[in-house]
Amino acid sequence: YRLNINKYADYKFACSNDAAKWVFGNNKEYILFKNGIEYEKFLYNDKIRNKIRKDLGLSSNDILIGHVGRFNKQKNHDFLIDVFKELQKINDNSYLMLVGKGVLEDLIKEKVTRYNLTEKVFFMGVRNDVYKLMQAMDVFVFPSIYEGLGIVVVEAQAASLPCLVSNNVPKEVVIDPNLIDFASLKDSPQKWAEKIMKLYKSNSNRKKIDITNLKNSGYDIKTSSKKLQDFYLSKISEY
């Protein structure tokens, strides 16, 4: 549809500047409209964290790395497993939680088996309680090859999760600079593993994110829906 959008669309929205450039090309006439989330669901909760980790058989000393996304080339699970293999060398009390389904899932499972990591990787499938699973995680890792935005990184920050993200993810995803670090996919899996440990150690005292920062970032669903409503109503009044 990209060929016809600029010709026929009355108004153009984009969730990030990178997404706008990909869809609209050099056309600058678009409105940056951030995807809102129900942030209250994601706010850090000790009770939920302890229950999920108990169900998984994890102790307080275990490190749980998390990822949410479809099993396809874009999400780069293949690289993520290499990173986790290196993390095991640094700390063998680390575990990996993968949430999602997709065409490459079986290949990733084969790689996990080949690396003898079967007991260390949780394949969770498609879930409707991602906001709960994020409470149990210690670091969120998102090594995408490309992204229009990466809304799950916003959700992870709302859950006060430190995030290691590929520099292919738009910078608009940042809510709290203290919770997020970017890395190049040209860096070795070992370097990514080292950064994961650094994020883990520097965020050991987990607490709820500053809600003001989250609201000011534009990712509050109530603010987003009001902005969209006001836009439509303003255009209707013009007619």
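What you see below is based on every heavy atom in this structure, not just the backbone, and it leaves out hydrogens, waters and symmetry mates. Predicted, not measured: the structure shown is a model, and the values here were computed from it.
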> Looking at every heavy atom in both Pro143 and His67, which two are closest together, and how far apart are they?
CD-CD2, 3.9 Å
> Check whether Phe123 forms a cation-pi arrangement with Lys109 (NZ or CZ under 6.0 Å from the six-membered ring centre, at most 45° off the ring normal).
yes
> Mind listing the closest non-hydrogen atom pair of Asp82 and Lys111 along with its distance?
OD1-NZ, 3.0 Å
> Is the shortest side-chain heavy-atom distance between Leu98 and Leu80 below 4.5 Å?
yes
> How far apart are the C-alpha atoms of Lys120 and Asn116, what are their side-chain angles, what is the distance that settles it, and do they pass the side-chain contact (heavy atoms from CB on, under 4.5 Å) test?
CA-CA 9 Å; Lys120 295 286 187 172; Asn116 296 316; over 6 Å; no
> Are more than 12 heavy atoms, taken from residues, nucleotides or ligands other than Lys195, located less than 6.0 Å from that residue's NZ atom?
yes
> Identify the heavy atoms of Ala158 and Ile209 that sit nearest to each other, and give their distance.
O-CG2, 3.6 Å
> With rounding to the nearest 0.5 angstrom, report the NZ to CD1 distance, Lys12 to Ile5.
9.0 Å
> Is there a side-chain contact between Asp220 and Ile211 (heavy atoms, below 4.5 Å)?
no
> May I ask you to check whether Gln74 and Ser144 show a side-chain donor-acceptor distance below 3.5 Å?
no
> Taking everything shown except Leu3 itself, do over 12 heavy atoms lie less than 6.0 Å from its CG?
no
> side-chain contact (heavy atoms from CB on, under 4.5 Å), that's the test. Do Val165 and Ile180 meet it? Break it down for me.
CA-CA 7 Å; Val165 181; Ile180 192 165; 3.9 Å; yes
> Spell out, as yes or no, whether a donor-acceptor pair under 3.5 Å connects the side chain of Lys132 to the backbone of Ile48.
no
> Sub-3.5 Å donor-acceptor pair from the side chain of Arg70 to the main-chain atoms of Val103, do we have one?
no
> If hydrophobic clusters are built from ILVMFWY residues whose side chains come within less than 4.5 Å, do Tyr219 and Leu161 share one?
yes
> Would you mind reporting whether Asp210 and Asp176 have side-chain heavy atoms less than 4.5 Å apart?
no
> For the pair Asp138 and Arg53, find out whether any cationic side-chain nitrogen is under 4.0 Å from an anionic carboxylate oxygen.
yes
> Looking at every heavy atom in both Val169 and Phe182, which two are closest together, and how far apart are they?
O-CE2, 3.7 Å
> State plainly whether one hydrophobic cluster holds both Ile196 and Leu96, where clusters connect Ile, Leu, Val, Met, Phe, Trp and Tyr through side-chain heavy atoms under 4.5 angstrom apart.
yes
> Less than 4.5 Å apart, any side-chain heavy atom of Lys85 and any of Pro189?
no
> Can you measure from NZ (Lys207) to OG (Ser160) and round to the nearest 0.5 angstrom?
9.0 Å
> Should Val139 and Met97 be counted in the same cluster of Ile, Leu, Val, Met, Phe, Trp and Tyr side chains packed under 4.5 Å apart?
no
> Grab the two heavy atoms, one from Asn203 and one from Asn178, that are nearest each other, plus how far apart they are.
OD1-O, 4.0 Å
> Salt bridge check: are Lys191 and Glu194 linked by an N-O gap of less than 4.0 Å?
no
> Answer yes or no: does atom NZ of Lys51 have more than 12 heavy-atom neighbours from other residues, nucleotides or ligands under 6.0 Å?
no
> Students often mix this up, so state it plainly: with edges at 30° and 60°, are the rings of Tyr131 and Phe42 parallel, tilted or perpendicular?
perpendicular
> Once you measure the plane-to-plane angle for Phe71 and His77, does it fall in the parallel (<30°), tilted (30-60°) or perpendicular (>60°) bin?
parallel
> Would the Phe231 and Tyr11 ring centres measure less than 6.0 Å apart?
yes
> Show the atom names and distances, to 0.1 Å, of all donor-acceptor pairs under 3.5 Å that link a side chain in residues 21-31 to residues at least two apart or in another chain.
residue: Asn27; atom: OD1; partner: Glu29; partner atom: N; Å: 2.8
residue: Asn27; atom: ND2; partner: Asn6; partner atom: OD1; Å: 3.4
residue: Tyr30; atom: OH; partner: Asn17; partner atom: OD1; Å: 2.6

> Report the distance from atom NZ of Lys73 to atom CD1 of Ile145, rounding to the nearest 0.5 Å.
6.0 Å
> Could you go step by step and tell me if Leu56 and Leu64 meet the side-chain contact (heavy atoms from CB on, under 4.5 Å) rule?
CA-CA 10 Å; Leu56 293 171; Leu64 182 60; 4.2 Å; yes
> Within the structure provided, determine whether Gln88 and Leu117 are in side-chain contact (heavy-atom separation under 4.5 Å).
yes
> Out of Val154, Ile221, Leu214, which one pairs with Tyr39 under the side-chain contact (heavy atoms from CB on, under 4.5 Å) rule?
Leu214
> Nearest 0.5 Å, please: how far is CD1 in Ile63 from CE in Met197?
4.0 Å
> Using side-chain heavy atoms (C-beta onward) and a distance below 4.5 Å, is Ser94 in contact with Phe84?
yes
> Should Val152 and Ile52 be regarded as members of a common hydrophobic cluster, given that ILVMFWY residues are connected when their side-chain heavy atoms come within less than 4.5 Å of each other, either directly or indirectly?
yes
> Between Val121 and Tyr115, is a side-chain contact (heavy atoms from CB on, under 4.5 Å) present by the stated rule, with each step listed?
CA-CA 11 Å; Val121 181; Tyr115 282 176; over 6 Å; no
> From Asn91 CG over to Lys201 NZ, what is the distance, rounded to the nearest 0.5 angstrom?
8.5 Å
> Taking Gln157 for its side chain and Ile175 for its backbone only, find out whether a donor-acceptor pair lies under 3.5 Å.
yes
> What heavy-atom pair brings Ser16 and Leu149 nearest, and what distance separates the two atoms?
CB-CD1, 4.2 Å
> To the nearest 0.5 Å, tell me how far Lys208 NZ sits from Asn45 CG.
7.0 Å
> Salt bridge or not for Asp129 and Arg127, using N-O below 4.0 Å?
yes
> Could you state whether Trp192 and Leu199 fall into the same hydrophobic cluster, counting links through intermediate Ile, Leu, Val, Met, Phe, Trp or Tyr residues with side-chain heavy atoms under 4.5 angstrom apart?
yes
> Salt bridge between Lys75 and Glu147, side-chain N to carboxylate O under 4.0 Å?
yes
> Answer whether the closest heavy-atom distance between the side chains of Met134 and Phe140 falls below 4.5 Å.
yes
> Look at the rings of Phe33 and Phe13 and say which category their plane angle falls in: under 30° parallel, 30 to 60° tilted, over 60° perpendicular.
parallel
> Measure the shortest side-chain to side-chain distance between Lys227 and Thr223 over non-hydrogen atoms and say whether it is less than 4.5 angstrom.
no
